[in-house]
Amino acid sequence: MAEILVYVDHVDGAVRKPTLELLTLARRIGDPVAVALGNGAADTAAALAEHGAVKVLTADAPEFAEYLVVPKVDALQAAVAAVSPAAVLVPSSAEGKEIAARLAVRIGSGIITDAVDLEAGDEGPVATQSAFAASFTTKSRVSKGTPVITVKPNSAPVEAAPAAGAVEALAVSFGALATGTKVTARTPRESTGRPELTEAAIVVSGGRGVNGAENFAIIEALADSLGAAVGASRAAVDAGWYPHSNQVGQTGKSVSPQLYIASGISGAIQHRAGMQTSKTIVAINKDAEAPIFDLVDYGVVGDLFDVVPQLTEEVKTRKG
């Protein structure tokens with residue numbers, strides 16, 4: 001089978017969930033070859049092999065940590081030259097999409113971003129995307145060069161499929177642009193103990209109906225009972241009730257969890273654009289005419305201050 005390059009998103013050797021999902025998708029269209037870069041790259045091999053990587057190409061150099069994006073593009077370009085893959089898959093994070101776009105320009109290939117599914121086609125991989133605020137679903141393929149495809153988190157299950165995972169060193173030559181943008185400082189993100197919003201399997205979001213920063217505690221309580229991430233609508237963020245980093249929507253983050261619970265959110269198109277590809281959507285709103293109900297799988301017409309605490313207690317009871 002053709003080989004499929006998979007760019008590995010990891011933190012000091014700990015592989016993040018979107019990469020394991022990419023390996024599931026890669027196995028549908030070929031043999032996954034993982035590319036792990038930076039500190040701890042070699043430590044990713046066991047997890048990658050467990051999830052189907054037939055080979056793991058690794059490279060470590062100070063440039064990967066000290067400079068932004070371009071050194072990683074140099075490395076992926078070297079991997080493409082070494083492997084001649086049928087496609088390159090990259091997680092659809094902000095950095096991942098920039099890496100993918102730069103790589104596509106470098107190798108003269110087409111690019112597809114924010115795919116939500118991937119399948120084999122007669123003329124190359126076929127990607128499924130959600131378009132126009134998820135009002136339409138499209139299928140497309142790259143017609144020129146090696147397809148470069150970024151895939152949204154939660155687009156595929158994580159499936160164990162043990163493979164050889166042979167580790168090979170990747171020779172990388174950095175170009176003149178690699179040291180153009182230097183990282184001058186890093187500030188560790190404050191941990192909330194909750195999953196990363198864009199990667200979470202369950203997201204509980206609050207909107208204008210929460211009616212105050214202090215009331216987000218009931219949204220957080222439900223999220224914590226479910227092991228979920230917390231999101232917020234633009235209205236809630238603009239009011240200063242919750243951090244912008246948790247905003248879900250067209251001008252915030254795009255999420256695609258297995259379960260999305262919208263509490264006190266009317267369902268404006270701006271918000272729908274960021275969560276409409278969620279697998280199951282539940283809305284809680286006291287306005288029976290709220291647009292969000294046109295979208296949901298399950299709707300609860302009621303005051304969130306009555307419904308959410310009861311739901312939280314029921315979850316705790318069933319878990320306990």
Side-chain angles (χ1 to χ4, degrees), residues 1-9 18-37 48-49 51-57 69 72-159 161 163-166 168 170 254 256 273 276-277 279:
M1 291 181 73
E3 293 183 315
I4 309 297
L5 280 186
V6 174
Y7 174 72
V8 178
D9 184 5
T19 297
L20 303 181
E21 295 169 3
L22 286 189
L23 291 172
T24 298
L25 292 171
R27 293 198 305 275
R28 297 179 186 173
I29 55 176
D31 292 326
V33 175
V35 181
L37 308 172
L48 296 171
H51 292 86
V54 299
K55 192 186 305 179
V56 181
L57 305 180
V69 181
K72 296 172 182 177
V73 179
D74 288 340
L76 267 184
Q77 185 178 8
V80 170
V83 173
S84 297
V88 181
L89 306 185
V90 182
S92 238
S93 62
E95 182 185 69
K97 284 189 278 193
E98 183 174 356
I99 290 171
R102 287 174 178 262
L103 176 66
V105 171
R106 293 263 195 103
I107 64 177
S109 295
I111 182 173
I112 294 173
T113 59
D114 289 335
V116 296
D117 200 6
L118 201 60
E119 60 191 86
D122 294 337
E123 299 179 70
V126 176
T128 301
Q129 295 167 286
S130 292
F132 297 106
S135 299
F136 295 89
T137 297
T138 66
K139 287 183 180 290
S140 53
R141 65 174 179 82
V142 170
S143 58
K144 179 183 177 183
T146 301
V148 180
I149 304 171
T150 75
V151 181
K152 294 177 73 169
N154 293 307
S155 294
V158 174
E159 297 175 350
E168 295 182 12
L170 176 66
S254 180
S256 188
Q276 200 160 351
T277 57
K279 308 304 182 291

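FYI, side chains are in, hydrogens and waters are out, and symmetry mates aren't considered; it's all heavy atoms of this structure.
Proximity of Arg106 to Asp74: side-chain heavy atoms (C-beta onward) are separated by under 4.5 Å at one or more points. Within the 4.5 Å cutoff, the side chain of Val142 has no heavy atoms near those of the Ile111 side chain.
Scanning both residues, Ala49 and Gly165, for their nearest heavy atoms gives CB-CA, 3.6 Å. Closest approach of Thr19 and Tyr7 over heavy atoms only: OG1-O, 3.9 Å. Of all heavy-atom pairs spanning Lys152 and Thr277, the tightest one is NZ-OG1, 3.6 Å. Nearest heavy-atom pair across Pro32 and Arg27 is CG-CG, 3.5 Å. Closest approach of Gly108 to Lys144, counting heavy atoms only: O-CE, 3.6 Å. Across Ala34 and Ala53, no two heavy atoms sit closer than the pair CB-CB, 4.3 Å.
The one candidate from Val158, Val6, Val8, Asp9 that meets the side chain to side chain contact (heavy atoms under 4.5 Å, CB included) condition with Leu20 is Val158.
The structure places CG of Leu76 at 6.5 Å from CG of Leu37, a figure rounded to the nearest 0.5 Å. How far CG of Leu22 is from CG of Leu89: 5.5 Å, rounded to the nearest 0.5 Å. How far CD1 of Ile112 is from OG of Ser92: 11.0 Å, rounded to the nearest 0.5 Å.
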Using residues 117-126 as the side-chain source, report each donor-acceptor pair under 3.5 Å to any protein atom, sequence neighbours left out, with the distance given to one decimal.
from   : atom 1 : to     : atom 2 : distance (Å)
Asp117 : OD1    : Arg28  : NH1    : 2.6
Glu119 : OE1    : Lys139 : NZ     : 2.9
Glu123 : OE1    : Arg141 : NH2    : 3.2

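Judged purely by atom type and a 3.5 angstrom limit, Thr24 uses its side chain to pair as donor or acceptor with the backbone of Pro157. Between the Thr150 side chain and the Lys97 main chain, no donor and acceptor come within less than 3.5 Å of each other. Looking only at distances, no side-chain donor or acceptor of Lys55 sits under 3.5 Å from a matching main-chain atom of Asp31.
Considering only residues two or more places apart in sequence or on other chains, Ala79 meets the side-chain contact (heavy atoms from CB on, under 4.5 Å) condition with Leu5, Val35, Leu57, Leu170. In this view, Thr146 and Pro85, Val88, Ile107, Ser109 satisfy the side-chain contact (heavy atoms from CB on, under 4.5 Å) rule, not counting sequence neighbours.
Using modelled atom types, one finds no donor on one side chain facing an acceptor on the other under 3.5 Å when comparing Ser155 with Glu21.
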If you apply the rule side chain to side chain contact (heavy atoms under 4.5 Å, CB included), what do you find for Ser84 with Glu3, and how did you get there? CA-CA 8 Å; Ser84 297; Glu3 293 183 315; over 6 Å; no
